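These notes are about the structure you will find just below.
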Number of protein chains: 2
Amino acid sequence: MNIGEVSERAGLPPKTIRYYEDIGLVRPLRSDNGYRAFRESDIHKLAFLGRARTLGFSIEDCRTLLDLYEDESRESAQVKSVAKEHLTAIDRKIAQLKSMRQTLSHLVDACQGDYRPDCPILEDLAKGS
Amino acid sequence: MNIGEVSERAGLPPKTIRYYEDIGLVRPLRSDNGYRAFRESDIHKLAFLGRARTLGFSIEDCRTLLDLYEDESRESAQVKSVAKEHLTAIDRKIAQLKSMRQTLSHLVDACQGDYRPDCPILEDLAKGS
DNA sequence: CTAAGGCTTCCAGTTGCGGGAAGCTCAAGA
DNA sequence: TCTTGAGCTTCCCGCAACTGGAAGCCTTAG
């Protein structure tokens with residue numbers, strides 16, 4: 001199967017698929033004409049990767065997860081460990097964004113947003129919190 | 001004032017300060033020996049930038065905000081507009097992260113995390129939800 | 001036979017810096 | 001006075017995870 005159809009079926013842009021091959025996440029065969037020839041297993045892997053990426057896993061995490069997926073002798077604890085670390089990273093990011101949101105929304109509320117130059121937002125930025 | 005002391009006072013690494021000069025956010029003078037010579041106003045700008053960055057504004061937003069800050073004839077509506085757009089971007093990111101968090105925490109909870117290979121996390125990634 | 005579309009590779013750009021090399025300058029100690 | 005050592009300079013590479021675009025081959029329909 002050529003990259004275009006694979007792209008549709010796996011839900012990933014061709015560019016991304018080529019990139020994943022570059023970094024060794026998938027290893028499609030090649031046809032005589034030089035085109036990539038994907039097997040069902042490749043599509044399956046790509047869909048796996050797409051799903052893992054939407055959950056926010058890094059490429060390296062994806063590599064690890066894919067390896068574990070294909071390792072019959074894996075222990076689920078290994079998978080859980082990767083997922084838990086990612087979860088705490090997500091929590092950190094959420095906390096950080098919420099903190100920004102908090103400050104920023106106060107400032108936005110305090111700003112008149114009219115034709116006059118006076119602005120609490122700029123005043124805050126200028127003198128630190 | 002040399003870059004080292006400015007770095008301490010503005011709370012930004014020297015590398016970052018040089019980068020900000022590269023992209024035209026600050027324009028320190030130069031001493032005869034070629035060293036950057038920062039004025040108080042430069043430090044003030046750098047602190048402004050540092051604060052804006054911790055609130056998550058992009059460099060381009062920072063440039064805009066700095067321009068507005070120095071523009072006596074600004075209208076606070078312009079500032080508020082930039083801040084509001086950033087705020088909605090933050091809200092989008094928070095929503096996305098929360099969605100990831102939701103899915104991921106369910107999966108993590110469902111995984112035994114023991115020596116056995118069976119794993120709901122991998123199963124989910126494999127078949128998509 | 002030709003044109004369009006799909007495929008290939010390769011290179012550059014994105015965001016916001018950080019690391020490190022090579023080399024100049026300056027201040028302090030033997 | 002000479003020599004360190006720290007601090008400064010520029011320059012270029014690398015990161016994550018792609019995306020866009022150029023140049024060129026392959027295939028298929030008209």
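Order of the sequence lines sets the chain letters (A, B, ...), proteins ahead of strands, with each chain counted from 1. Source: prediction; values computed, not measured.
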Show me the donor-acceptor pairs within less than 3.5 Å that the side chains of residues 11-23 of chain A make with the rest of the protein, sequence neighbours left out.
unit_1, atom_1, unit_2, atom_2, d
A/Glu21, OE1, A/Arg30, NH2, 3.4
A/Glu21, OE1, A/Arg36, NE, 2.4
A/Glu21, OE1, A/Arg36, NH2, 3.2
A/Glu21, OE2, A/Arg30, NH2, 3.3

- Message: By the 4.0 Å heavy-atom rule, please label A/Ile23 as base, sugar-phosphate, or nothing.
- Response: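 The answer is nothing, as A/Ile23 stays clear of every strand by at least 4.0 Å.
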Can you pull every protein N or O that's under 3.5 Å from an N or O on nucleotides 20-23 of chain C?
unit_1, atom_1, unit_2, atom_2, d
C/dG20, O6, B/Lys15, NZ, 2.3

- Check each residue of residues 24-50 of chain B for a non-hydrogen atom within less than 4.0 Å of any atom in DNA chain C, then write out the ones that pass by number, or none.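 Result for residues 24-50 of chain B: B/Asn33, B/Tyr35, sorted by number.
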- Query: Among residues 54-67 of chain B, which residues get a heavy atom nearer than 4.0 Å to DNA chain C?
  - Reply: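 Of all residues in residues 54-67 of chain B, the ones placing a heavy atom under 4.0 Å from DNA chain C are B/Ser58, B/Ile59.
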- Extract, from 5' to 3' on DNA chain D, the first and final nucleotides lying under 4.0 angstrom from some heavy atom of chain A.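 Terminal contacting nucleotides, 5' to 3': D/dA17 to D/dT27.
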Quiz: residues 94-101 of chain B side-chain donor-acceptor pairs under 3.5 angstrom, not counting sequence neighbours:
unit_1, atom_1, unit_2, atom_2, d
B/Arg101, NH1, A/Asp91, OD1, 2.7
B/Arg101, NH1, A/Asp91, OD2, 2.7

- Of all residues at least two apart in sequence or in a different chain, which pass the side chain to side chain contact (heavy atoms under 4.5 Å, CB included) check with A/Ala37?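 A/Ala37: side chain to side chain contact (heavy atoms under 4.5 Å, CB included) contacts with A/Leu29, A/Ser31.
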- Task: Take the C1' atoms of the five end pairs on each side of the helix from C/dC1-D/dG30 to C/dA30-D/dT1, derive the two axes, and give their angle rounded to 10 degrees.
- Result: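 For the helix from C/dC1-D/dG30 to C/dA30-D/dT1, the axes at either end differ by 30°.
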- Message: Whole angstroms only, please: what is the CD1-P distance between B/Ile3 and C/dC26?
- Response: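 About 16 Å, once rounded to whole Å.
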- Whole-Å gap separating P (C/dG16) and CD (B/Glu21):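 Taking CD of B/Glu21 and P of C/dG16, I get 18 Å after rounding.
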- Item | Inter- and intrachain pairs under side chain to side chain donor-acceptor pair (under 3.5 Å), touching residues 72-83 of chain B, at least two apart |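 Every pair satisfying side chain to side chain donor-acceptor pair (under 3.5 Å) with a residue in residues 72-83 of chain B: A/Asp114-B/Ser76, B/Asp71-B/Ser73.
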Quick one: list whatever passes salt bridge (Lys or Arg N to Asp or Glu O under 4.0 Å) with [X], sequence neighbours left out.
X       : answer
A/Arg27 : none
A/Asp61 : none
A/Glu60 : A/Arg63

